K.L.:
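Got a structure here, written out as structure tokens. Questions coming.
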Amino acid sequence: MKIRFTKMQGAGNDFVVLDETRGVLGLSTAQYRFLADRHFGVGADQILSVRAPSAEDAAAGIGFGYVIHNADGGEVENCGNGARCFARFVHDKGLTRDNPVRVRTAGGVLSLQVQAGGRVTVDMGAPVFELDRIPFDPRGRAAVPLGPWRLWPLDIEGFSPDPSVKWSEGATVNVAVVSMGNPHAVLQVTDVDAAPVATLGPRIEHHPAFARRVNAGFMQIVDRAHIRLRVYERGAGETLACGTGACAAVVAGIRLGLLDACVDVATRGGRLTIEWSGREGDAVRMTGPAVTVFEGEIELSAAPEESLRR
């Protein structure tokens with residue numbers, strides 16, 4: 001089967017975008033992995049599918065279905081950088097004139113607005129703090145108060161104290177837990193460049209307290225309006241940027257009394273601007289770049305067996 005695709009990136013977080021508005025392609029988990037494979041496929045952190053809305057959603061003014069698969073082939077609830085690329089794609093392809101355009105993800109409904117100069121603003125919805133909705137299992141853990149909020153301790157097997165991890169004691173790291181339609185664990189570090197993202201990130205991702213795994217964010221606070229951030233994404237590993245991770249980090253910083261309501265987030269792939277009032281129920285707004293890299297066709301039947309089996 002030969003399919004057309006568009007390669008896009010938002011702050012270095014890169015995507016393969018598929019137009020499925022005329023019919024769902026029905027790709028397998030192995031085929032999503034093949035598309036994301038940087039050696040045998042196109043290469044991407046996530047695969048984004050643009051789909052027609054359900055009849056009920058269309059009647060409610062929702063323009064598209066937005067389906068996200070990680071590089072490991074698993075479907076996930078949300079992707080903020082991908083949402084910006086989604087908005088640019090449907091406008092550039094003439095699929096809609098609505099601006100903003102509302103789209104349905106597995107994590108809820110997003111509102112996407114293309115700005116002058118190519119940046120896109122996404123209404124990411126309200127952050128979720130209820131532990132069972134994240135989901136996070138607090139049993140056997142005592143919350144650690146910090147400022148007006150609290151952190152949760154995670155025992156990390158094999159983790160040794162690291163001077164760059166600020167919220168840690170021995171083999172325990174303390175994380176702020178929040179969902180932006182997908183689960184995030186945020187910890188503060190003194191130097192994001194020195195943070196043990198490659199070793200600590202996967203251990204947090206697979207911690208048994210998170211039933212659906214979790215994205216691990218490493219946040220360095222520069223001042224009340226600026227942070228530096230690296231994110232180890234579940235199912236993808238460290239990426240150059242993570243939109244929902246940037247939102248989660250800023251939300252955590254605001255709730256802990258460490259950040260102001262508008263924060264520039266420096267990622268390895270570029271700058272994102274996150275705004276949140278600090279009031280529960282209020283939406284988080286994210287603004288950042290969205291760029292088309294190239295377009296092409298690929299024959300999925302040519303996928304080598306070793307790629308399909310990973």
Side-chain angles (χ1 to χ4, degrees), residues 10-14 45-46 70-71 79-81 134 136 141 144 146-147 149-180 182-210 213-259 263-274 286 288:
N13 198 184
D14 63 337
D45 295 320
Q46 281 92 17
N70 272 344
C79 176
N81 288 329
I134 290 172
F136 172 75
R141 308 174 201 286
V144 179
L146 181 62
W149 199 30
R150 53 33 184 164
L151 306 174
W152 290 97
L154 300 178
D155 294 327
I156 307 295
E157 184 178 353
F159 176 68
S160 300
D162 189 301
S164 70
V165 180
K166 192 168 184 179
W167 297 339
S168 67
E169 183 176 350
T172 299
V173 297
N174 298 318
V175 297
V177 178
V178 61
S179 172
M180 288 304 309
N182 56 353
H184 289 269
V186 181
L187 63 158
Q188 187 180 359
V189 297
T190 57
D191 181 357
V192 75
D193 293 324
V197 177
T199 54
L200 184 55
R203 292 175 178 176
I204 294 175
E205 176 195 0
H206 293 280
H207 195 281
F210 298 96
R213 296 184 292 165
V214 72
N215 302 287
F218 297 75
M219 171 179 66
Q220 175 188 342
I221 297 177
V222 179
D223 57 41
R224 294 189 63 85
H226 298 85
I227 67 171
R228 301 177 66 211
L229 181 70
R230 293 169 64 186
V231 179
Y232 192 95
E233 295 194 48
R234 58 176 181 166
E238 184 179 4
T239 57
L240 291 178
C242 175
T244 57
C247 294
V250 170
V251 164
I254 291 173
R255 285 216 81 177
L256 292 166
L258 303 173
L259 297 174
V263 177
D264 278 342
V265 180
T267 72
R268 291 189 161 184
R271 175 178 61 89
L272 304 174
T273 301
I274 311 299
M286 173 185 61

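Small disclaimer: the values here were computed from a predicted structure and weren't measured.
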K.L.:
Restricting to salt bridge (Lys or Arg N to Asp or Glu O under 4.0 Å), what partner residues turn up for R141, sequence neighbours left out?
P.N.:
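For R141, no residue satisfies salt bridge (Lys or Arg N to Asp or Glu O under 4.0 Å) once neighbours in sequence are set aside.
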K.L.:
Show, in sequence, the C-alpha distance, side-chain angles and deciding distance for L229 and V186, and conclude whether the side chain to side chain contact (heavy atoms under 4.5 Å, CB included) test is met.
P.N.:
CA-CA 10 Å; L229 181 70; V186 181; 5.7 Å; no
K.L.:
How would you list, by chain and number, every residue that makes a ring-ring contact (aromatic ring centres under 6.0 Å, His included) with W152, sequence neighbours excluded?
P.N.:
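Applying ring-ring contact (aromatic ring centres under 6.0 Å, His included) to W152 gives F136.
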K.L.:
Starting from the C-alpha separation in whole Å, work towards a yes-or-no answer on side chain to side chain contact (heavy atoms under 4.5 Å, CB included) for W167 and L146.
P.N.:
CA-CA 10 Å; W167 297 339; L146 181 62; 3.8 Å; yes
K.L.:
Can you name the closest pair of heavy atoms from I274 and V265 and give their distance?
P.N.:
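So the two residues come closest at CG1-CG2, 3.8 Å.
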K.L.:
Sequence neighbours excluded, which residues qualify as salt bridge (Lys or Arg N to Asp or Glu O under 4.0 Å) partners of D45?
P.N.:
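Applying salt bridge (Lys or Arg N to Asp or Glu O under 4.0 Å) to D45 gives R38.
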K.L.:
Under 3.5 Å, which donor-acceptor pairs do the side chains of residues 241-255 form with other protein atoms, sequence neighbours left out?
P.N.:
{"unit_1": "T244", "atom_1": "OG1", "unit_2": "N182", "atom_2": "ND2", "d": "3.2"}
{"unit_1": "T244", "atom_1": "OG1", "unit_2": "H184", "atom_2": "NE2", "d": "3.0"}
{"unit_1": "R255", "atom_1": "NH2", "unit_2": "E280", "atom_2": "OE2", "d": "3.1"}

K.L.:
Show me the side-chain donor-acceptor pairs of residues 201-209 shorter than 3.5 Å, one per line, residues at least two apart or across chains.
P.N.:
{"unit_1": "R203", "atom_1": "NH1", "unit_2": "G158", "atom_2": "O", "d": "3.3"}
{"unit_1": "E205", "atom_1": "OE2", "unit_2": "R213", "atom_2": "NH1", "d": "2.9"}
{"unit_1": "E205", "atom_1": "OE2", "unit_2": "G235", "atom_2": "N", "d": "3.0"}
{"unit_1": "H207", "atom_1": "ND1", "unit_2": "A209", "atom_2": "N", "d": "3.1"}
{"unit_1": "H207", "atom_1": "NE2", "unit_2": "D155", "atom_2": "O", "d": "3.2"}

K.L.:
Rounded to the nearest 0.5 Å, how far does CD of Q188 lie from CG of L256?
P.N.:
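Rounded to the nearest 0.5 Å, the CG-CD separation comes to 8.5 Å.
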K.L.:
V165 and P196: which non-hydrogen atoms are nearest, and at how many Å?
P.N.:
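Scanning both residues completely, I find the closest heavy atoms to be CG2-CD, 3.8 Å.
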K.L.:
Taking it one step at a time, do F210 and V177 satisfy side chain to side chain contact (heavy atoms under 4.5 Å, CB included)?
P.N.:
CA-CA 10 Å; F210 298 96; V177 178; 4.1 Å; yes
K.L.:
Distance check, rounded to the nearest 0.5 Å: L154 atom CG versus L187 atom CG?
P.N.:
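Here the interatomic distance stands at 9.0 Å.
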K.L.:
Once side-chain hydrogen bond (donor to acceptor under 3.5 Å, both in side chains) is applied, what residue pairs with a partner in residues 263-272 remain, sequence neighbours excluded?
P.N.:
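Sorted pair list: D264-T273, R271-T273.
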K.L.:
Quick one: pull up CG in N13 and CG in N81 and give me the separation to the nearest 0.5 Å.
P.N.:
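Answer for the CG-CG pair, N13 versus N81, is 4.5 Å.
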K.L.:
Which heavy-atom pair separates L259 from I221 by the least distance, and what is that distance?
P.N.:
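So the minimum-distance heavy-atom pair works out to CD2-CG2, 4.0 Å.
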K.L.:
Quick check against the 3.5 Å criterion: does R230 have a side-chain atom that pairs as donor or acceptor with the backbone of E238?
P.N.:
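Side chain of R230 to backbone of E238, a donor-acceptor pair under 3.5 Å: no, none is there.
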K.L.:
Not counting sequence neighbours, which residues clear side-chain hydrogen bond (donor to acceptor under 3.5 Å, both in side chains) with N70? List them please.
P.N.:
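Applying side-chain hydrogen bond (donor to acceptor under 3.5 Å, both in side chains) to N70 gives Q46.
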K.L.:
With D191, which residues qualify under side-chain contact (heavy atoms from CB on, under 4.5 Å), at least two apart?
P.N.:
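Residues passing side-chain contact (heavy atoms from CB on, under 4.5 Å) with D191: D193, A194, Q220, R228.
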K.L.:
Applying side-chain hydrogen bond (donor to acceptor under 3.5 Å, both in side chains), name anything that partners R224, two or more places apart in sequence or on another chain.
P.N.:
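With neighbours one apart ignored, the set is D260.
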K.L.:
Working to the nearest 0.5 angstrom, can you tell me the gap between T199 OG1 and D162 CG?
P.N.:
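Spacing of OG1 (T199) from CG (D162) equals 7.5 Å.
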